Amino acid sequence: MIISNPKGTQDFLPLQSGQKHLVETRFRETVGLYGFSEIVTPTFEHTELFLRSTGLTTDIITKQIYQFIDKGGRDITLRPEGTPGIVRAVLQYNLKLPVRMFYIGPMFRYERPQKGRYREFYQLGVEAVGEIGPDIDVEIIEIGSRFFTGLGLKDVITKVNSVGCAVCRPKHRTELGLFLERNKAKICDDCKGRAERNPMRIFDCKEATCQELYINAPKIVDYLCFDCQQHFQSVLNELVERKIPFELNKMMVRGLDYYTRTAFEFVSSSSELGAQDSLGGGGRYDNLVEDFGGPKTPAIGFALGLERIMLALGTPRPIRKAVYIIPLDPSIQKQGKELLRLLRNANIPALLNNPDKNLRAGLGIADNLACEYVIIIGSEEVKKQIYTVKNLVKRTQKQVPQNQIIEVLTNKENQS
RNA sequence: GUGAGUGUAGCUCAACUUGGUUAGAGCACUUGACUGUGGCUCAAGAUGUUGGGGGUUCAAGUCCCCUCACUCACCCCA
């Protein structure tokens, strides 16, 4: 092979593509229950949009964006996440608030690929703009929880925390800064860097010694202002009320600059995921709309990583559903075509064997094409008007009168 | 950006510490036993610039250097 796909991208071959579609369908169903409608925004935006939202201190913006000048001299960036484009659209079209939207699409970040991390990757996300909460906070978390359960993912933990707001954060930041200053001899080099750039991120450190030390570090939840405290308490109460399993994790922080108040993350303990065990996360971003020049507007959302969800689900089983028709003799091709038309008109996926392939070869092709049934039509069958219907999965076959075939195939779930 | 590991047939891998003739095996593939029954069995068959380039050597898949690619981890994040 001379040309392969670029680093960090991946092909969804038919089998994976089927699984991807299943995940997306389940997502649409779940968010639909909560009144979310789809929004589709461009995969690239003016670079400035991301600079002003995602954050000038984040690695995503400083190192990971796919940025270029287009032929008209515009400064363009492939979106590294979905939220900024959606907030932009809300303001640009002056959408009536509150509004609940979801999105599915590719995002782009220039990073070193590893398990569960790609340069082009798909996110499933929701954004609720204009609702102050705390009910909507709980709804959003519940959606994620319900979605994962519906997919059959059992080992997903929902971590919840509050990161405060512009009022309470400075106080905490000062205290945390002092704490780090006092202990700077004990913290790792990475954390020294974090202390400079964005101190709250130290809680993410994987060094055991740092983790141990930070157990006694000042936590943001202990510094919340009255309003944030009230809000957070209501969220926690409502989570309990709705019987949504979660874990209050004071060390959990989010990576993007714009988050405020409620923050959460869905973590999987599946061994399929490697080091990237976060299936998704989100939180409030009550200042972002205002930062963009809009009115003061509360908002909350989350984003989930499609590829990570697929990894956690494991290797998909092929779904067999088509019927493969094999007329045994060229003279019977006519009956084969007739049946083909009949099945398709009855909404049953069907394929016809090529006359130059014999029965043996035809069965092999049917198997490769992941067909569920093979219908064999020979001279005997034509004479009696009773066709041979073979189930490729169960390895069984039976004679079915020609005029009952559709009925039998349609009710296949009910038979043994 | 940092670190480690791996590149041999379509896929998974072997060929060892100690370079030595024609680079092997399983799966998959093709054909036949089986012109009305695939995934079982048996027989036969095809397949390689050993990722690429350079070096050492009488001799390199094997040793050295460079380069490219992939993987995992750090960083960061979905």
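Labels below follow one simple rule: chain letters A, B, ... track the order of the sequence lines, proteins then strands, and each chain is numbered from 1. Remember, it's a predicted structure, so these values are computed and weren't measured experimentally. Heavy atoms only: backbone and side chains are in, while hydrogens, waters and symmetry mates are out.
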Phosphate OP1/OP2 of B:A69: any A:K7 side-chain N/O under 4.0 Å: no
B:G36 base / A:Q397 side chain donor-acceptor hit below 3.5 Å: no
Spacing of A:M310 atom CE relative to B:A78 atom C1', expressed in whole Å: 14 Å
Sugar-phosphate only, base, or nothing, as touched by A:E207 at under 4.0 Å among non-hydrogen atoms: nothing
Phosphate OP1/OP2 of B:C76 contacted by A:R197 side-chain N/O (<4.0 Å): yes
Selection from B:C72, B:G36, B:A78 that lies nearest to any side-chain heavy atom of A:K115: B:C72
Touch class at under 4.0 angstrom, heavy-atom based, for A:E81 against every strand present: nothing
Between B:C40 and B:U21 - P atom distance, rounded Å: 36 Å
Sugar-phosphate only, base, or nothing, as touched by A:G280 at under 4.0 Å among non-hydrogen atoms: sugar-phosphate
Ring-ring centroid check A:Y258 A:Y285, cutoff 6.0 Å: yes
Assigned partner base of B:C74, Watson-Crick or wobble definition, under 3.5 Å: B:G1
Integer angstrom distance from the P of B:G51 to that of B:U62: 8 Å
Closest to side chain of A:R112, choosing from B:C77, B:G36, B:G3: B:G3
Pairing of A:K192 and A:D189 as salt bridge, 4.0 angstrom limit: yes
A:F50 CZ to B:C76 P, straight-line distance once rounded to whole Å: 22 Å
Sugar-phosphate only, base, or nothing, as touched by A:G362 at under 4.0 Å among non-hydrogen atoms: nothing
Upstream residue (5' side of RNA chain B) when A:N368 and A:V393 are each assigned their closest nucleotide: A:N368
Sugar-phosphate only, base, or nothing, as touched by A:L279 at under 4.0 Å among non-hydrogen atoms: sugar-phosphate
Opposite nucleotide pairing with B:U6, Watson-Crick or G-U, both atom distances under 3.5 Å: B:A69
Side chain to side chain donor-acceptor pair (under 3.5 Å) assessment of A:T388 paired with A:Q399: CA-CA 5 Å; A:T388 300; A:Q399 305 302 116; 3.2 Å; yes
Residue pair A:L313, A:V23: steps toward the side chain to side chain contact (heavy atoms under 4.5 Å, CB included) verdict: CA-CA 10 Å; A:L313 285 172; A:V23 172; 3.7 Å; yes
Base paired to B:A59 (Watson-Crick or G-U; both N/O distances under 3.5 angstrom): none
Selected nucleotide, minimal atom distance to A:D190 side chain, candidates B:G36, B:G38, B:C74: B:C74
Spacing of the P atoms in B:G26 and B:C42 (rounded, Å): 11 Å
Spacing of A:Q276 atom CD relative to B:A78 atom P, expressed in whole Å: 11 Å
Sugar-phosphate, base or nothing in reach of A:G274, heavy atoms under 4.0 Å: sugar-phosphate
Inter-nucleotide P distance (B:G10, B:G54), Å rounded: 24 Å
Sugar-phosphate only, base, or nothing, as touched by A:S379 at under 4.0 Å among non-hydrogen atoms: base
Side-chain donor/acceptor of A:R194 to base of B:C76, under 3.5 Å: no
P-based separation of B:G7 from B:C16 [nearest Å]: 13 Å
Any A:Q114 side-chain nitrogen or oxygen under 4.0 Å from OP1 or OP2 of B:C74: yes
SB check A:D277 A:K115 (cutoff 4.0 Å): no
Identity of whatever pairs with B:A25 - Watson-Crick or G-U, under 3.5 angstrom: B:U12
Most 5' of A:A275 and A:Y110 on RNA chain B, judged by nearest nucleotide: A:Y110
Closest non-hydrogen atom pair between A:G144 and A:F302, with its separation: N-CE2, 3.9 Å
Under 4.0 angstrom between A:R254 side-chain N/O and B:A78 OP1 or OP2: yes
Per A:E307 side chain, nearest of listed nucleotides B:A78, B:G38, B:G36: B:A78
Proximity of A:F27 and A:F147 rings by center, below 6.0 Å: yes
Spacing between A:D189 atom CG and B:G1 atom C1', to the nearest angstrom: 15 Å
A:K206 side-chain N/O to B:C74 phosphate OP1/OP2 under 4.0 Å: yes
Pairwise C1' distance for B:A46 and B:C27, with rounding to whole Å: 16 Å
Touch class at under 4.0 angstrom, heavy-atom based, for A:Y118 against every strand present: base
Ring centers of A:F264, A:F266 separated by less than 6.0 Å: yes
A:H231 side chain to A:R261 backbone, donor-acceptor under 3.5 Å: no
Atom-pair distance (CD on A:E381; C1' on B:U37), nearest Å: 11 Å
Base B:A78 paired with A:E111 side chain (donor-acceptor, <3.5 Å): yes
Partner nucleotide of B:A44 by Watson-Crick or wobble geometry (both distances under 3.5 Å): B:U30
Distance, P atom - from B:U17 to B:U67, rounded to whole angstrom: 26 Å
Spacing between A:I65 atom CD1 and B:C76 atom P, to the nearest angstrom: 18 Å
Nucleotide B:A28, atom P - distance to CG of A:D367 in whole Å: 12 Å
A:I332 CD1 to B:G36 C1', straight-line distance once rounded to whole Å: 11 Å
Any A:R201 side-chain nitrogen or oxygen under 4.0 Å from OP1 or OP2 of B:C77: yes
Rounded P spacing from B:C29 to B:G24 in Å: 23 Å
